[in-house]
Amino acid sequence: MVLLKVEDLSVHYKIYGNWVRAVDDVSIELDSGETLGLVGESGSGKSTLAYAITQLLPNNAYIKKGKIIFNDQDLFKYTLKPDGTLNVYDENIRKIRWKEISMIFQASLNAFNPVYKVGDQIKEAILAHEPDISEEELERRVIELYDFVGIPRDRINNYPHEYSGGMKQRAMIAMALALRPKLVLADEPTTAVDVITQDRILKEIIDLQKKLGMAMILITHDVSVVAEVSHKIAVMYAGQIVEKGTTREVFKHYAHPYTEGLLNSFPNLFGEKKRLSFIPGSPPDLANPPKGCRFHPRCPYAREICAEQSPPLIEISPGHYSACHFATSIYGGK
Amino acid sequence: MIGNTVVKVENVKKYYELHKGLLSFGPSLVVKAVDGISFELHEGEIIGIVGETGSGKTTTGRMLVLLERPTSGKIYFEGTDISELKGNKLKEFRKNVQMVFQDPYESLNPRFTILKTLMEPLIIHKIGDTYEERVDIVIRALEDAGLKPGEEYLGRYPHEVSGGQRQRIAIARALVTSPKFIVADEPVSMLDVSIRAGVLNLMLDLREKLRIPFIFITHDIAVARYMSDRIFVMYLGKIVEYGSSEDVIFDPLHPYTRSLVAAIPVPDPDRKHERVLIKGEIPSPINVPPGCKFITRCVYAQKGICDVKEPELREVKPGHFVACHFAEQIMNGELKPKEEDLQKEEYMM
């Protein structure tokens, strides 16, 4: 069942009179219980896309076009104002947000209020959506969540500063799951923690997802994390999706020069030790993106047409899409 | 390829005493950031120091360039004890060692042009006689750092160049005094993934070309393997294992290194993930108990031995050292993790 459908979404920011094209013509689809890894560098638009899905864009963000259908509801129907900005306070969307779509923020250290106990903050989130819940039931739910993410129960009445980094991240996960959402957006959930903690949190996310059957969008710059966790992957570059498909397909038969560059620029821990290749140049300024294919100034295969025409995202094999004029000639028709 | 010893570190410790409140009594609290480490760095060699947050890897790097003074122990640079350097000798030392910091957005003065940033060390150390000569040295350093043509960058400010170029400028600044060794502290962790590899390759090239030895500090063991000839694994201020990069990664002997290696995600959806056998998180470095410092997280810890006697680094295989009482037994599978730990393991934090 299709849970989330983003169709041709364009979100542009107005900054000092310039239009920054943060997300341009992005379409993704996600079924219940599925994990999508959204990979890209900083400034590629992946977080903007996530905030658009939660309808939490700032007031200088304008929806230029597109739709977000979640659970058969058009979310913009509730929030879109005539000028293209969002009314983030809309009552209907507030009922959906956190109850059905929740988010694990990157900096869990800052996501909690330092002067309230962590358990109370989770209770507050539950109370906001279920005001009639009894005190005992509320207590029971929080204990259940703590058991679930593996934080000892006696920590419920601690303040955020008494938690270690990994524990805070777990508490953040508990809070995101407090209302059993259908979709969780995880924005770089493990960037701020050490590798051993990262490994545990990822395992936990996979376990919980299996148990609860929720869908997840995992936003990260680390392709290895995606390889371990996601069913599907979408690679973003300069506000656009350049390649998407199942994780296995994209890793084994990548069909876009940016994906190729990204995969080859990570040192592999166990593979043969060979010189890393890297992508020359740096990501473009989205206030003034290059004409044609946005990747062409950095692309080793670029030809004339690339500077002229923007390549469409085409299906090169079932379920595998690439936005490159030469996807099949470079990478074969597989 | 390995040449003379450039830096020798002997049993170096760095303790920080915590300030207590006015009315608190009893023994003062001591953070043992670095607790007795020794190693040698040779000409043309890159040593990778890996560890989690709080393992003491950054403090080690800062002591090597004398940004911190060791509480005890000695650091020798080309045979001289650097703690005794004063006046001109100290200045000479500062010229010879350079550091590349993690965040190029903070380590460059935003109000200095790139020329001014790179010129300062030349003026301070009286390198080059005329202005033109110094500009030449600056241009050469920029080009060594992969910024070609160097002239183009001289008049720019840090905000006018990209993150990757900024880190290259920080490297050029380190190169401008022709240092004899460089400490690089997480030099790529703030950079975008697509440009990291370029900066890593640059440092490898500089080692080839100029034979500058590096100390490369990182939390990413895959990057450490790519960069280093030898890897040193630190845990709570101690070196727990070291050896050639390939030995440490493919044949880790210390239970901590084994978990560290097993925990790394690998960009291959077909690879089966090994189970990570470790409990909890790195404990606070304040007043750590006697015995092995890893005991709180080790699933192999033996009562009466590990909690009493601190393991010394010993050579288990040629050139491969480990600080664990039971390294061989764990390796051969003679010592099994405790069953109750295996069950709890997932949920211990």
Side-chain angles (χ1 to χ4, degrees), chain A residues 39-43 147 149-152 155 163-167 170 190 193-200 202-204 207 221-230 237 246-248 250-252 258 261-271 273 275-283 298, chain B residues 50-55 161-165 189-202 204-205 219-227 245-246 249-250 256 259-271 273 275-276 278 280-284 297 344-349:
Chain A
V39 186
E41 295 175 75
S42 47
D147 288 350
V149 297
I151 311 176
R155 296 294 210 134
Y163 279 30
S164 69
M167 240 160 42
R170 277 160 186 243
T190 57
V193 297
D194 283 314
V195 278
I196 292 175
T197 316
Q198 162 173 300
D199 181 72
R200 284 205 187 114
L202 291 180
K203 270 198 193 112
E204 208 147 278
D207 279 359
H221 64 274
D222 190 340
V223 288
S224 353
V225 169
V226 172
E228 302 227 328
V229 178
S230 318
Y237 182 76
T246 63
T247 305
R248 211 176 168 280
V250 172
F251 272 86
K252 298 288 174 188
Y258 178 66
L262 206 57
L263 291 177
N264 288 335
S265 58
F266 274 89
N268 189 332
L269 185 60
F270 298 109
K273 195 168 170 178
R275 194 170 166 87
L276 292 177
S277 59
F278 64 100
I279 306 173
S282 47
R298 302 175 74 187
Chain B
V50 295
E52 289 174 271
T53 316
S55 60
V161 300
S162 70
Q165 287 171 338
S189 59
M190 298 292 287
L191 301 182
D192 261 327
V193 283
S194 72
I195 48 189
R196 277 183 198 176
V199 174
L200 294 178
N201 285 347
L202 166 67
L204 287 176
D205 292 345
H219 67 279
D220 185 338
I221 200 162
V223 170
R225 177 194 172 211
Y226 182 66
M227 291 300 295
S245 304
E246 302 302 289
I249 306 270
F250 286 98
Y256 177 63
S259 332
L260 209 56
V261 170
I264 304 286
V266 172
D268 180 355
D270 287 344
R271 192 180 150 264
H273 203 101
R275 197 164 182 198
V276 181
I278 192 167
E281 284 181 23
I282 192 164
S284 145
R297 304 178 74 186
K344 280 190 297 193
E345 165 241 327
E346 307 281 341
Y347 292 124
M348 294 266 305
M349 265 281 162

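Proteins get letters first, then strands, A, B, ... in listed order; numbering begins at 1 in each. For the numbers below, each heavy atom of this structure counts, side chains included, while hydrogens, waters and symmetry mates do not.
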Which atoms of [X] are under 4.5 Å from chain B, going by heavy atoms: the side chain, the backbone, both sets, or neither?
| X | answer |
| --- | --- |
| A/Ser230 | neither |
| A/Ile196 | both |
| A/Pro283 | side chain |

Between [X] (side chain only) and [Y] (backbone N and O only), is there a donor and an acceptor less than 3.5 Å apart?
| X | Y | value |
| --- | --- | --- |
| A/Asn268 | B/Val266 | no |
| B/Asn201 | A/Leu276 | yes |
| A/Lys252 | B/Pro269 | no |
| A/Arg200 | B/Ala263 | no |

How many angstroms lie between atom [atom1] of [X] and atom [atom2] of [Y], to the nearest 0.5 angstrom?
| X | Y | atom1 | atom2 | value |
| --- | --- | --- | --- | --- |
| B/Leu200 | A/Arg275 | CG | CZ | 10.0 Å |
| B/Ile249 | A/Phe270 | CD1 | CZ | 7.0 Å |
| A/His221 | B/Arg196 | NE2 | CZ | 4.5 Å |
| A/Glu41 | B/Ile195 | CD | CD1 | 7.0 Å |

Contact part of B/Val199 toward chain A, heavy-atom cut-off under 4.5 Å: side chain, backbone, both or neither?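 When you check distances to chain A, no heavy atom of B/Val199 falls under 4.5 Å.
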State, yes or no, whether a side-chain contact exists between B/Gln165 and A/Ser282 at a heavy-atom distance under 4.5 Å.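 They are not in contact (no side-chain heavy atoms under 4.5 Å apart), so the answer is no.
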4.5 Å side-chain heavy-atom contact, A/Phe251 and B/Asp268: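 No. Closest side-chain heavy atoms not under 4.5 Å.
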Heavy-atom pairs under 4.5 Å with chain B: which of A/Ile279, A/Asp194, A/Val223, A/Val229 has the most?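 The residue among A/Ile279, A/Asp194, A/Val223, A/Val229 with the greatest pair count is A/Asp194.
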Taking all heavy atoms of B/Pro265 and all of A/Ser224, pick out the closest pair and write down the distance.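 Taking every non-hydrogen atom into account, O-CB, 3.3 Å.
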Heavy-atom closest pair, residues B/Tyr226 and A/Pro267: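 Nearest heavy atoms, B/Tyr226 then A/Pro267: CB-CB, 3.9 Å.
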Identify the residue among B/Asp220, B/Val223, B/Ile221 that makes a side-chain contact (heavy atoms from CB on, under 4.5 Å) with A/Leu269.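 Checked B/Asp220, B/Val223, B/Ile221 against A/Leu269; only one passes side-chain contact (heavy atoms from CB on, under 4.5 Å): B/Ile221.
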